[in-house]
Structures are given as structure tokens and as C-alpha cells.
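Numbers restart at 1 for each chain; the letters A, B, ... are given by sequence-line order, proteins then strands. Below, each value reflects all heavy atoms present in this structure, side chains not excepted, and no hydrogens, waters or symmetry copies.
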There are 2 protein chains.
Amino acid sequence: MLREAISRGGRMSARRHPATIADVAARAGVSQASVSRVLNGKPSVDPEIVRRVRRAVGELGYAPSMAARSLVHGRNQTVAMVVPDLGNPMFQGILEGVSVAAAGDGYRVLVADTVERVDDEEATALEARQRCDAVVLCAPRLPADRLERLVERIAPVVVVNRQLEAPGVPSVGVDYARGIRDLVDHLVGLGHRDLVYLAGPEPSRSNADRLRGIADAEAADADVRVRVLAGGSGLDDGAAAVEAVDAARRDGATAVMAFNDLVALGLLAALRRRGVDVPGELSVAGFDDIPMAAYASPALTTLSVPRAELGAQVWTRLRGLIAGEPVAHAVTFRPRLEVRESTAAPR
Amino acid sequence: MLREAISRGGRMSARRHPATIADVAARAGVSQASVSRVLNGKPSVDPEIVRRVRRAVGELGYAPSMAARSLVHGRNQTVAMVVPDLGNPMFQGILEGVSVAAAGDGYRVLVADTVERVDDEEATALEARQRCDAVVLCAPRLPADRLERLVERIAPVVVVNRQLEAPGVPSVGVDYARGIRDLVDHLVGLGHRDLVYLAGPEPSRSNADRLRGIADAEAADADVRVRVLAGGSGLDDGAAAVEAVDAARRDGATAVMAFNDLVALGLLAALRRRGVDVPGELSVAGFDDIPMAAYASPALTTLSVPRAELGAQVWTRLRGLIAGEPVAHAVTFRPRLEVRESTAAPR
DNA sequence: CTGTTAGCGCGTTCAA
DNA sequence: TTGAACGCGCTAACAG
């Protein structure tokens, strides 16, 4: 019989196109305005009307058109998140954090993966902004001047891991310089003096921050030396750098700090294959404290950054901006050193 | 007149609210219809008009309202992707694949993370559908009957890793049963007879598929035995299962197949800590072939599933549905066995 | 407390 | 080829 109803051309009240508020109004014998009021929980409406509207809504299977709603309100209830690489655990973590936090306020997030194409970043962000009420911008490699210009065109926006000159743009980030200094201190405390930094992508801002932290550390302690080697940001990059790293080791280096955990993990694997004992012959540390870090062999010493909390902070600020509240100041999280097994005293 | 515009309140072309098509029309001295035609690249428009419109658009920094557009067209150019857990590399991979594929057609994807809350899955999917033109549904634990009912309410939809009874709903997935059988064959070929399967989440459909594959394998070869142990789906779960796994080993088991790579990696770490040699004393295999698998110690034998391609396939089908094309049949990818170092002949 | 009216910004008829 | 007018579905102002 259900089949019958269907073949008959649709079930009772089943129009080909979704029901509109007008249909509901007609069926309930009231005005559209009343339907709207009921649906939006406006305070003073006759209980009887409420009843009839609810019934009509149920029978028609009515659902409001978000498009119409957006047009009227000028808001989407959607924010965009622009990321350079969804494959990176760091961004995944932030995305997840923002996503759940935003969901709590009825907002959803649109992902815009620029797939490492820095040149498309502005266009992507602009386009994303048109679809959404605000944007979370992760653009680690976009030159500062271009970034400054971009943010003012896509406001409201919260930028991640970039410090802006202009006020009015909240940013939340990680104090990479500070983190790396803490790591150097840890290593030096262990007795290391000759370190290597396996660098991240050249244009990456957070890489520059780490380099700055390293320079500070070198300046502070005369007999600490840090060699900078070209690395990258993925597992492959870490593995690929093994030659250079091992050469440095034979030349006297006793510890390596990788750009991030992925690089460290890749390096660890390659080192193992090569027969280099970690941390016996060489200490290795990462950055980010991705879940896998604790399960590596040996467990990776790293700097923990609160990804989820970071995402939540991003949302808090973004929500404020959308609501037109005064902009919150920038916040940066100081990474927490997580000492595990991959670092030890040199011998 | 430029002067006029300026004194009218702020910088040239800087109205408090974004410019509308009417503003452009006025400024260009043409009708809104003409502006619309120019912007949408309609064929026959006077070059002179085109010129003036373009100029006005530039001067005003005009950008069409997506909301209004959506209202007229009844389309968003946005699809939703409902996932149970964004932290899972499997879903991340698919998201990335769908995201880039969709972007190629001017579509964006909205993420809806149900955070493992199966009970909210329907509501989340429904809500997501209202905002978007279609949805990609990843609901591995939603009971079949509820799934069937859900999909017909949110069509157009493509379901991932679930086989549906009803036609009309394309699904793309992985042949887990087949994959696990290939793995059993590999292990048996190596000489293993007493295996253990570290199961995934109880209600997970793909876990059931693997179990079916295992049952088939057992039925096919009388002297192969597979013990099923409770596992999970994350690194922690794998590590937590080490007791049970080691007990099975001492009881004669020589190889373990984990629900996925994460579980296998967690187990590997725990086994190492416990001093159990892999693959010497015990062979271990995973599923999914996440990037880290190849860099594990020892490198993990696993079943490779083409995440990116899977995402692309999802998009192809979704696009077809949106365009109203006849539905494509379901596709399933057969995992490819990736033999590495964590499996070897028992001794 | 309810209904009527007027847009939100755009695409798309229909005449001219 | 161009422009005027209408409608997409909904909410907000204003009457009643």
C-alpha cells in the first residue's frame, strides 16, 4: 500500500518540490508570519495556533529553506576553514576542534583545502568568505604583506599561527620560538652541545619562528651550536634527510630537532634501517605531539601543542567577531615539553 | 561624481554593506538584468555594456550574494560530508579526496563530525542536508534499517563503506571481507595456522565484513583457526589489547590481524615494550595502509585501500546525482596486500 | 496576538 | 539586445 501511495504520484501532501512556509500556512489555516513565529519560538503565540502549525509541519514534512533564511539574515551559520594541507595532523586537529566547538553554537565549517598551492590561497579564501560568515585562515607560507591585505578583505577572520601587525584581527597560535628554546634547553641539559635542526618548508612562517628561537638559544649559550639542515614537513622528508643527518652525526652532532613529529618519525625509521641507535648514538625530538609520537620506537620526545583547545579558542574568537563584539587579543600557547625515550645524554 | 560618492559617507565605494547588483547597475547606467547577463557570461551583450559593467564591478568591489543565488537556483554548490570521527586517517583521506575533486567542479564540502555519537547521526545528516545540495554519508555503525530510512530522506546521497538494499543510492566502499581473506591467505602461506583477529568496534559494519571474511577463510581451510579478541579502532585500543594478545601467543597463536593500522601500530608499540619480537615471535598486520604504516618498526604489513581515489569516486557519483543523471552502480575497491616486515614465517 | 506588506539580492521571464 | 517586472522562501515592520 505504501507502494501504491508512491505510484499514485506521491504520498498525501507530497509535492514534487519541498514544502514551503506558504504550504504550511495554508494547511494550518494561518498566515505565513504565524508559521514563522512558531518555528522561531517567538514568545506570544496562541497555543492553538502553535498546535495547528506543528501539525501541518509534521504532515508536510516541512523544513525551512536555509537559502531564504540566509538571504534575509545575511548570515549562513557557516564558517570556512582554509588550510594548506588537510593531510597534516596539525590542521586536522584544529579542524576537528573548530568543528565541534562551532557545532555547539549551531555553526558548521566548510573546508577549503588549498593543496599547498600558495598562489591560490587568496582566491580560495576570498571565495570561501563569500559562502560563509567568517573564515579561519591557516596560511603558513603566505608572505606577510599579502596576508595583511588578504585578512582585511575577508574579515571577520581569525588567523592561525601568524602574528599580524594590524590590530582587529585576532590570531591564535603556538609560540614555536619559545618551544624550540625549551627543547634546546632540555638537550643542553642532557649534555648535548652540537645539535642539528631539520628545517621545515622554507617559506613557512612557523619554520622561521623556530629558527628565531634557535638563534636566540645559540646567542644565549656560546658553546651550543646548531646546524640547520633542509628537511620538510612530512614522513618522507624526514626519511629523505637521513643521509645528511647521519653525516652530521659522524661529524660530531649528537641530537636532532625535527620541524615536526612527522619528520621526526620518518627520520627515526630511516635511522633504524641504517642501524643508528636512538637515543644511544643520536637523540631525536619532534614538534606537535601527534598521537603517534607516544607510540613510536623509541617513544618520541616532542613539544605538545593543544590542538583541540586551539581549535576551541579559534571558534570563541570567531564567534565574537561574528557577533560584532570587540576583538579579543591574540593568544599564543606555549608548547609543553614532553620528554620520552628518543632523547638522552650523549655518550 | 567621484567626489560625490566620497562625501556620501566614507571612502569611495565603501558602503557599510556590500554592494548589490543594483548598485552596479546604477553605476554602470544599465539594468540589473544586463549586469546579471554580463556576470554570467551570457552570449549576446553589447561589448560596450560589458565594459561598463566590468568597470563598475571593479570600482565597487562587487561580489554576488551567494545566498540570493542559492535561493534562486535552489542550489548551494556545497555538499556535506558526515563522518563519525575526523580523527580517523581513513575519513581524513576520503574527505581530502572528495574535497579536491569537488573543488574542481566549483563545489565545496561542509564537514559534519558526529563525534562517534551514533544517536545523533540522523539528526546531523538531516541538518547537513538542509544546508547542502547533497551529502556523503559515512556511518559505519548506524543499524541497517535506520540507514535505509535515512538515505531516502537525505537524497541525493552517496554512502561510504555500506552496502544498501535499495537501489538508487550509489555507494562506494572497500571489500573488507575480501581483503582480510587475502591477508589470511598470506599468513597461511607463510605457515601460520593459529591466528588472532583484533576486532574493531562491535557495531561497525566494516568490522562485521572482516569477520565474515574470516569466517569464510576458516570454512575454506579446516586447519586454520582464528581467535577473535576485542580491540577497538585507535592506537590506545591496540596497546590496551597487548595482554590478551600475548596470552593468545603463549597459547599458540602466531599471528595477529588488527582491525586497522592504528590498532596494529598501538599493539606493535606495546609488544615491543613487552619484549615480544615482531615478526620473530609474532606476526602483526594492519588494514588501511595509512602513511605511517611504512615507517613503523617493523614496517607494517597491511592492506592498502586507495583513499584518495575513493574520495574521487564518491564525488563523481555525487555530481551525477546532483545533475539528475541515472545513478551509477555501487563500486567497491579490493584492498591490495602490502607485505612488509611485520609478518614472517612462524618459527 | 494575528495578518498584511515589504523587502533581502539575484535570475529570468516577457515585451519592447 | 535591453529593461521592467516578477518570484525564489523567509523574516521584520506595521497595522488591525
Would you sort out whether B:R146 and B:E121 count as a salt bridge (Lys or Arg N to Asp or Glu O under 4.0 Å), showing the intermediate values? CA-CA 10 Å; B:R146 285 168 63 186; B:E121 234 151 35; over 6 Å; no

Using the rule side-chain contact (heavy atoms from CB on, under 4.5 Å), only one of B:V151, B:L147, B:V172 pairs with B:R162; which is it? B:L147

Would you say B:R129's side chain and B:A155's backbone share a donor-acceptor pair under 3.5 angstrom? yes

For B:V83, does its backbone N or O pair with a side-chain atom of B:T114 as donor and acceptor, under 3.5 Å? yes

Angle by which the axis turns from one end of the helix from C:dC1-D:dG16 to C:dA16-D:dT1 to the other, five pairs per end, to 10 degrees: 40°

Donor-acceptor under 3.5 Å (A:D133 side chain, A:Q77 main chain): yes

Applying a 4.0 Å non-hydrogen cut-off, can you work out what A:V35 is touching in the nucleic acid: base, sugar-phosphate, or nothing? nothing

Check whether any side-chain nitrogen or oxygen of A:S31 sits under 4.0 Å from OP1 or OP2 of C:dT2, and answer yes or no. no

Can you name the atoms? Protein N/O to nucleotides 14-16 of chain C N/O, anything below 3.5 Å, with the distance.
none

Atom pairs under 3.5 Å, N or O on each side, protein against nucleotides 6-10 of chain C: can you list them with distances?
from, atom 1, to, atom 2, distance (Å)
C:dC10, OP1, B:Y62, OH, 2.4
C:dC10, OP1, B:S65, N, 3.0
C:dC10, OP2, B:I21, N, 2.4

A:F91 versus A:D85, closest heavy-atom pair with distance: CD1-O, 3.4 Å

For B:Y62, ring pair (Phe, Tyr, Trp, His ring centres under 6.0 Å) partners two or more places apart: none

Note: B:A112 and B:T124 closest approach over all heavy atoms is CB-CG2, 3.8 Å

Just by distance, do the side chain of A:N88 and the backbone of A:M90 share a donor-acceptor pair under 3.5 Å? yes

Would you say that more than 12 heavy atoms from the other residues, nucleotides or ligands in this model lie under 6.0 Å from the CD of B:E165, or not? no

Under 3.5 Å: donor-acceptor pair, side chain of B:S70, backbone of B:M66: yes

At the 4.0 Å heavy-atom cut-off to chain A, mark where contacts on DNA chain D begin and end, going 5' to 3'. D:dG9 to D:dA13

Listed once per pair and sorted, the side-chain hydrogen bond (donor to acceptor under 3.5 Å, both in side chains) pairs that draw on residues 47-58 of chain B, sequence neighbours left out: B:E48-B:R51, B:R55-B:E59

Between the side chain of B:Q92 and the main-chain N/O of B:L86, is any donor-acceptor distance below 3.5 Å? yes

